[in-house]
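As the structure lists them, so they are numbered: ligands from 1, and atoms in each ligand from 1. Worth saying up front: this structure is predicted, and the values here are computed from it rather than measured. Heads up: numbering here begins at 1 and tracks the sequence.
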Amino acid sequence: MRLDPASIEASRILVVAPHQDDESLGCGGLIATLAPLGRRFHTVFVTDGGASHRNSASWPRERLAAAREAEAAEALRRLGIGDHPRSFFRLPDAAMPAAGTAEHGKALRAFVDIVRGFRPDLVLLPWRRDPHCDHRDAFALASGALAATDMPAATLEYAIWLDELGSPEDRPQPDEAERVDFDVAAVLPAKRAAVAAHLSQTGDLIHDDPDGFHLTPATIERLAGPVEAYWRPHR
Ligand SMILES: [Zn+2]
């Protein structure tokens, strides 16, 4: 199914990004299409993103995390939602607190407060079994908050790593979710500009950690094309 993103009727859209860059790679097309139509967005960045370059001497964790927040703010501006609300939860990248811990409970309560305050009618989430621990944990955290508020919102799940790294059991089962493709060709320049704002992740900022993470051109090409794909869960 390929849809025009402008056909989305939701007016208050909550974007859940495990890391600073997932909002642009996963949802940039929908955001850039719907923002000029007057829709409101609240973006939650779940982790601090501070673990992408563990061996960089010049970009220790705190400096990197601060840079990633600035990059995220610039990406939102390029997507047309520079003045929309966003929240940085600053949970430890690649080590989110486990369910049942005090830290997890605190994050869950903060998430519930955002849902109650923003009252989203659509939530864009990482795919529930995206093969990255933070993506799965962010999905679980957001889902827990939505369940706790008992406020019904439609959800769409975007997969970042599934096609590259996923095993067959990570993929959506036929009775679990249906794929929905949105034609985002008209806003591709904005989406690509937003992805490019994440200089620390594209290899353009940090040069003293050859083993650090970087988004490859192939990954960017795969995720920042004219079709933005989501999985809509069956209820
Ligand atoms: Zn991510």
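Within H19, the N, O or S atom lying nearest to the Zn ion (ligand 1) carries the name ND1. Take the N/O/S atoms of D22: the one nearest the Zn ion (ligand 1) is OD2. Here the N, O or S atom of H135 that is nearest to the Zn ion (ligand 1) is NE2.
Geometrically, R12 engages F118 in a cation-pi contact, judged by NZ or CZ lying under 6.0 Å from the ring centre and within 45° of the ring axis.
Here R90 pairs with E69 in a salt bridge; the nearest charged N to carboxylate O distance falls below 4.0 Å. Remark: E103 does not engage K106 in a salt bridge, criterion side-chain N to carboxylate O under 4.0 Å.
The side-chain contact (heavy atoms from CB on, under 4.5 Å) with P126 is formed by just one residue from the set I160, D137, V46, V16; it is V16.
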